Asker: 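Sending over a structure as structure tokens; questions will come in a sec.
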Protein chains: 2
Amino acid sequence: MGSLTEENYIKSIYSLSGETGEVSFTDLARKLEVKLPTVNSMVKKLAVKKMIVYAPYKGVKLTEKGKKEALSIIRKHRLAELFLVKVMGLGWEEVHDIAEQLEHVNSARFYDRMDELLNFPKADPHGEPIPDTDGKLPAKKRIALSEVAEGKTVKIIAVSVDEKPFLDLLNIKRIHIGDTITIQKREPFDGSLAILKSGHEIILSQQVTERLFVE
Amino acid sequence: MGSLTEENYIKSIYSLSGETGEVSFTDLARKLEVKLPTVNSMVKKLAVKKMIVYAPYKGVKLTEKGKKEALSIIRKHRLAELFLVKVMGLGWEEVHDIAEQLEHVNSARFYDRMDELLNFPKADPHGEPIPDTDGKLPAKKRIALSEVAEGKTVKIIAVSVDEKPFLDLLNIKRIHIGDTITIQKREPFDGSLAILKSGHEIILSQQVTERLFVE
DNA sequence: TTAAAATGTTAGATGAATCTAATAAAATAA
DNA sequence: TTATTTTATTAGATTCATCTAACATTTTAA
């Protein structure tokens with residue numbers, strides 16, 4: 001395991017990886033809130049440790065070893081979030097920041113015990129899948145709410161960000177994981193949706209519907 | 001709050017403080033496993049932050065502010081230990097290292113919730129008192145087992161160190177917080193004690209009896 | 001009471017993670 | 001296709017926590 005900083009780089013690279021797995025230095029710098037040269041030197045260091053592959057002026061990409069490390073951190077983060085909600089009774093909007101700290105705790109016992117107490121859960125409070133000890137991720141097929149056609153009825157299964165402002169908004173709008181909703185109308189001008197949840201109409205902006213996953 | 005390193009210095013100074021509150025640089029260096037000049041420069045830094053008072057060639061001493069900080073960290077450590085044992089079902093000998101990490105987690109919510117779930121406990125699994133949010137420590141009068149006269153019957157209420165090798169030994173000897181024992185004989189040569197616990201004789205070396213507190 | 005030992009201090013170096021300023025390469029637009 | 005903009009790199013500085021080596025002070029013991 002690397003330093004706290006290294007762990008954060010690995011995690012950020014993982015979360016920014018799209019189809020190709022390539023991540024740009026600029027995106028990384030923005031995500032980590034550091035300047036470009038900082039990313040540059042750190043990336044070189046991670047390349048020496050075989051966590052990433054990298055060629056000058058090309059993007060950066062996790063190796064298998066790097067991916068495994070990322071998934072181990074994500075596992076700890078998501079277990080911690082679920083534990084904080086289910087066992088400790090905290091709200092889903094307030095657990096992210098605590099989990100950001102707990103994910104760096106080095107103790108297999110601590111996390112295995114959490115896993116046991118939670119009865120080997122498949123997903124965190126935001127619907128995100130929890131990798132197993134070997135870094136395997138339960139597959140999932142999910143669609144953004146923004147992609148669903150008018151008239152359809154769907155179930156909300158996940159959110160794609162777990163930052164407090166977003167979750168606070170969902171709480172206010174009374175949207176939760178597991179809710180079943182019907183798409184009533186899509187406003188062509190701004191892409192906002194009018195949805196129906198147990199008889200009540202709720203208006204959600206496109207920024208919100210892009211971050212809600214349904215099935 | 002200071003850096004992780006600063007927190008560790010404060011905590012070590014607190015735990016090394018005896019009657020006078022003065023701590024020598026040499027002791028601090030040994031405890032923190034760093035060299036003397038390192039302690040020297042860190043101590044100067046902590047003095048600027050008014051966490052300690054210090055004059056050249058004299059020992060170092062926590063200010064009221066420093067003591068408060070120390071007690072806040074100790075509160076977190078002890079709550080975490082108790083939580084790991086009571087809620088998460090870990091053994092008292094394995095929780096110290098995890099608590100060393102958890103004590104640096106910055107979240108009042110996390111710790112207040114623990115406190116609540118544990119029903120505002122007074123002591124950790126090793127019998128050490130848990131400071132309250134204001135840094136107040138429940139007073140305690142306790143005697144080392146090594147000081148108790150032959151023939152007396154006493155109750156074990158605390159241990160003075162919570163490192164694994166020591167606790168493993170206690171587990172092997174079947175000594176636990178809350179046990180009632182009778183001092184049968186003190187061996188003059190090495191200070192070891194023969195004690196009686198529910199009919200069984202147990203031999204404890206002086207190194208052990210000095211670290212067991214009774215009432 | 002002076003010499004030796006223990007303890008504390010200063011100076012200067014190192015590695016980690018960051019920065020700014022200057023420069024180079026690649027991608028995009030005129 | 002050349003000029004402009006975006007993206008990445010290099011060089012050199014800074015801060016934190018640490019180190020070693022040399023020196024100073026205080027305590028202890030001969």
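All values derive from a computational prediction rather than experimental measurement. Numbered from 1 within each chain, the chains take letters A, B, ... in sequence-line order.
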Asker: Can you check the B:K35 NZ to D:dT18 C1' distance for me, whole Å?
Answerer: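 One finds 11 Å between C1' of D:dT18 and NZ of B:K35, rounded.
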Asker: Nearest whole angstrom, please: distance from the P of C:dT18 to the CD of A:E6.
Answerer: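 Rounded to the whole Å, the gap is 10 Å.
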Asker: Applying the side-chain hydrogen bond (donor to acceptor under 3.5 Å, both in side chains) test to B:K11, which of B:E69, B:H77, B:E100 qualifies?
Answerer: B:E100
Asker: Salt bridge or not for A:E81 and A:R78, using N-O below 4.0 Å?
Answerer: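 No.
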Asker: Just N and O in the side chain of B:N40: are any of them under 4.0 Å from OP1 or OP2 of C:dT9?
Answerer: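 Yes, such a contact exists.
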Asker: Taking only side-chain nitrogens and oxygens of B:K58, does any of them come within less than 4.0 Å of OP1 or OP2 of D:dT25?
Answerer: no
Asker: Does OP1 or OP2 of C:dT7 have a side-chain N or O of B:S24 closer than 4.0 Å?
Answerer: no
Asker: NA contact type, A:P37, heavy-atom cut-off 4.0 Å: base, sugar-phosphate, or nothing?
Answerer: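 Answer is base: heavy atoms of A:P37 come under 4.0 Å of a base.
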Asker: Among D:dT18, C:dT9, C:dC19, find the nucleotide with the atom closest to the side chain of A:T38.
Answerer: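 Comparing D:dT18, C:dT9, C:dC19 against the side chain of A:T38, the answer is C:dC19.
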Asker: In this structure, how many angstroms lie between the P atom of C:dA16 and the NZ atom of A:K49, rounded?
Answerer: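 Computing the A:K49:NZ to C:dA16:P distance gives 8 Å.
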Asker: Taking atom C1' of D:dT15 as reference, at what distance in whole Å does atom CE of B:M42 sit?
Answerer: 12 Å
Asker: Measure from CG on B:L28 to P on C:dT7 and round the result to the nearest Å.
Answerer: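 Answer to the nearest Å: 14 Å.
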Asker: For A:P56 and for A:T5, find the nucleotide of DNA chain C with the closest heavy atom, then tell me which residue's nucleotide is more 5'.
Answerer: A:T5
Asker: Classify the side-chain pair B:S15/B:K31 by whether it contains a donor and acceptor separated by less than 3.5 Å.
Answerer: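 Indeed, the side chains of B:S15 and B:K31 share at least one donor-acceptor pair under 3.5 Å.
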Asker: Pairing donors with acceptors under 3.5 angstrom, does anything connect the side chains of B:N8 and B:H104?
Answerer: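 Looking only at side-chain atoms, B:H104 and B:N8 do form a donor-acceptor pair, the distance falling under 3.5 Å.
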Asker: Counting only heavy atoms not in A:K173, do more than 12 sit closer than 6.0 Å to its NZ atom?
Answerer: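 Yes, the 6.0 Å shell around NZ holds more than 12 heavy atoms from other groups.
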Asker: Taking only side-chain nitrogens and oxygens of A:Y9, does any of them come within less than 4.0 Å of OP1 or OP2 of C:dT18?
Answerer: yes
Asker: A:E33 CD to C:dT18 C1': how many Å, rounded?
Answerer: 14 Å
Asker: Give a yes/no answer on whether the side chain of B:Y54 brings an N or O atom under 4.0 Å of OP1 or OP2 in C:dT9.
Answerer: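 Indeed, a polar side-chain atom of B:Y54 lies that close.
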Asker: Measure CG/A:L4 against C1'/C:dA16 and give the value in whole Å, please.
Answerer: 13 Å
Asker: Which nucleotide, D:dT10, C:dT9, C:dT10, lies nearest any side-chain atom of B:K44?
Answerer: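 Within the option list, the nearest is C:dT10.
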Asker: May I have the distance from B:Y57 (atom OH) to D:dC23 (atom P), rounded to whole angstrom?
Answerer: 13 Å
Asker: Answer yes or no: does a side-chain N or O of B:T26 lie under 4.0 Å from OP1 or OP2 of C:dG8?
Answerer: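 Indeed, a polar side-chain atom of B:T26 lies that close.
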